[in-house]
Asks: 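Okay, handing you the structure first.
Throughout, a chain's letter reflects where its sequence line sits, starting with A, and its residues are numbered from 1.
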Amino acid sequence: MTFVAPTGLTLAFLSGLYRYCTLQGLAFLPVYTWVGLWTSCFMMIMGLRGSSKYIRYCTRFTDEVFNGLLSVNFLYEACVSLRRNFLLADPMNLSMPFVSLSIALGTFWSTARVIAIEKTRFFTPKIRNAFKDFGPVAVIIAFSGINQLQSINKFGVPTLIVPSVFELASGREFLVPFLTVPNNIRLQCALPAVLLTSLFFMDQNISARVVNREENGLKKGAAYNVDMMALGLITGGKYTKLNEHRQHVDNATYISIFLQFYQYLECLGCAEQLYNP
Amino acid sequence: MNHVRALTSQKFDEETGEMVIDKVCETRTTGFAIHAMLAATIYLLPLLTCLPIPVVSGVFLYLGRKLMTGNTFLKRIVDSCSEVGRLPQEHPINVLGRRKMNVFTTIQVFSLAGLWAFKQNSATSIFFPAVIGLLMVLRTWVLPRFFSEEEFIALGDPTPQ
């Protein structure tokens with residue numbers, strides 16, 4: 001699920017939606033597809049009407065609270081995951097939690113240092129930039145490598161579990177069977193879609209504002225959403241593909257179709273921006 | 001995380017494109033390449049099993065810390081107990097005074113806590129986006145009753161026209 005969600009906040013929304021679906025005894029994916037379709041529809045309407053001018057009411061007050069929330073969210077996730085190791089460990093043997101803690105702090109520290117190289121006077125600007133661009137990934141790879149060493153590996157630090165097919169059981173069609181949703185539910189999906197639209201709208205525009213403090217059009221808004229849908233489908237493809245290799249060719253076709261669609265919408269966005277500077 | 005990072009740089013490209021059309025075209029290629037490569041990472045999925053979860057936590061710690069830079073709200077929390085003489089001349093504390101600045105900061109802290117509570121509770125998290133909208137309402141209609149425009153400007157938060 002985290003691979004679908006661009007930010008932790010969308011994830012929060014999704015888990016809320018998932019919970020609601022479970023309570024109502026609805027299949028989550030078709031409902032989610034409808035929410036996505038409604039959202040994309042709303043986003044396009046908003047984009048075409050140039051609604052992002054309203055984002056000016058979102059001043060620094062809201063910006064900074066929102067950013068603070070994102071920041072707190074990251075720190076919280078990290079701390080929860082490290083704390084869990086301590087809670088689950090045998091009280092007489094806390095090596096694994098502490099090794100995990102050092103790996104986490106080591107990654108944190110090295111990433112910060114490797115990015116700070118850009119501000120030092122070492123080497124040439126080009127090399128410093130390369131450090132900044134590729135450093136964080138190199139740090140991740142290095143620490144994963146260290147974890148593979150015999151001396152560290154014996155502590156059994158937990159590694160990522162590649163999502164196996166939990167609910168997209170084998171043999172699921174590549175396209176979500178969204179036509180199975182009853183008509184009244186389809187309409188009701190518009191309501192969460194309004195919420196999701198506002199989340200995307202704010203997420204998108206606030207990040208755009210943060211990037212260069214300029215109130216721009218919703219240009220990427222519409223595309224952002226399609227990007228999200230495409231990504232959702234790619235992720236869906238990942239799940240399917242993990243299970244059945246023969247579907248792979250079909251998936252690739254679908255993905256490229258969606259990427260083209262995505263590009264097409266970005267063209268639309270550009271045109272819109274020209275009309276609505 | 002790479003996806004978020006990829007998206008950010010992509011946005012940055014488009015923003016700095018300064019509305020030049022051929023620049024935008026170029027960015028579309030970038031976007032396409034990014035997403036094509038993302039699609040190609042299907043093959044790398046098994047490699048993820050080598051990635052320790054603490055490394056992910058470390059990256060999260062870094063991202064959380066990095067997001068805090070430049071956030072005057074979080075900085076004002078620290079500044080609330082700083083000595084005035086050691087703060088820069090243009091600091092809002094010189095216009096609002098410590099007490100009023102702290103009131104503003106406290107309102108933001110409560111907003112943040114409220115948002116967090118909404119997000120954490122799975123029964124309400126679906127309405128969470130709407131609460132962010134409420135913040136705008138709070139800023140546009142409620143806060144001007146207690147703070148003057150001058151004070152908002154000092155806080156770097158002028159009222160939109």
Asks: Just give me the residue among B:Leu115, B:Thr72, B:Leu138, B:Val56 that pairs up with chain A most often, heavy atom to heavy atom, under 4.5 Å.
Replies: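 If we count pairs closer than 4.5 Å to chain A, B:Thr72 comes out on top.
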Asks: Could you tell me whether A:Phe134 atom CZ has more than 12 heavy atoms of other residues or ligands within 6.0 Å of it?
Replies: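 No, because the 6.0 Å sphere around CZ of A:Phe134 holds 12 heavy atoms or fewer from other groups.
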Asks: Between A:Tyr76 and B:Trp116, is the gap from one ring center to the other below 6.0 Å?
Replies: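 They qualify: ring centres under 6.0 Å apart.
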Asks: Is there a side-chain contact between B:Ile53 and A:Leu82, using heavy atoms and a 4.5 Å cut-off?
Replies: no
Asks: Does the side chain of A:Glu64 come within less than 4.5 Å of B:Lys75's, by heavy atoms?
Replies: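 Of all side-chain heavy-atom pairs linking A:Glu64 with B:Lys75, none is under 4.5 Å.
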Asks: Set out, in order, the CA-CA distance, both residues' side-chain angles and the distance that settles side chain to side chain contact (heavy atoms under 4.5 Å, CB included) for A:Ile115 and B:Tyr62, then state yes or no.
Replies: CA-CA 11 Å; A:Ile115 285 177; B:Tyr62 175 75; 3.0 Å; yes
Asks: Nearest heavy-atom pair of A:Leu75 and B:Arg65: which atoms, and what distance?
Replies: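 Taking A:Leu75 first and B:Arg65 second, the nearest heavy atoms are CD2-N, 4.2 Å.
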Asks: What's the spacing between B:Leu112 CG and A:Phe66 CZ if we round to 0.5 Å?
Replies: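 Separation between the atoms: 11.5 Å.
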Asks: Checking B:Gln108 side chain against A:Val65 main chain: does a donor-acceptor pair fall under 3.5 Å?
Replies: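 Checked: no pair found.
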Asks: Do you know which two heavy atoms are closest between A:Ala78 and B:Ser57, and how far apart they sit?
Replies: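 Smallest interatomic distance, heavy atoms only, reads CB-O, 3.4 Å.
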Asks: Would you check, one step at a time, whether the test side chain to side chain contact (heavy atoms under 4.5 Å, CB included) holds for B:Lys66 with A:Phe74?
Replies: CA-CA 10 Å; B:Lys66 194 181 156 208; A:Phe74 275 128; over 6 Å; no
Asks: So, taking the atom named CH2 in A:Trp109 and the one named CG in B:Leu61, what distance separates them when rounded to the nearest 0.5 Å?
Replies: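 CG of B:Leu61 is found 15.0 Å from CH2 of A:Trp109.
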Asks: Give, as side chain, backbone, both or neither, the part of B:Leu74 having an atom under 4.5 angstrom from any heavy atom of chain A.
Replies: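 Contact with chain A: side chain only.
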Asks: Between A:Thr107 and B:Gly58, is there a donor-acceptor pair closer than 3.5 Å when you use the side chain of the first and the backbone of the second?
Replies: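 No: the side chain of A:Thr107 does not pair with the backbone of B:Gly58.
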Asks: Which heavy atom in A:Phe143 sits nearest to a heavy atom in B:Pro52, and how many Å separate them?
Replies: O-CG, 4.5 Å
Asks: Heavy-atom pairs under 4.5 Å with chain A - which of B:Ala113, B:Pro54, B:Ser111 has more of them than the others?
Replies: B:Pro54
Asks: To the nearest 0.5 Å, what is the distance between CZ (B:Phe60) and SG (A:Cys79)?
Replies: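 Those atoms lie 12.0 Å apart.
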Asks: Contact part of A:Val72 toward chain B, heavy-atom cut-off under 4.5 Å: side chain, backbone, both or neither?
Replies: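 Its backbone and side chain both get close to chain B.
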Asks: Counting only heavy atoms closer than 4.5 Å, note whether A:Leu101 contacts chain B via side chain, backbone, both or neither.
Replies: neither
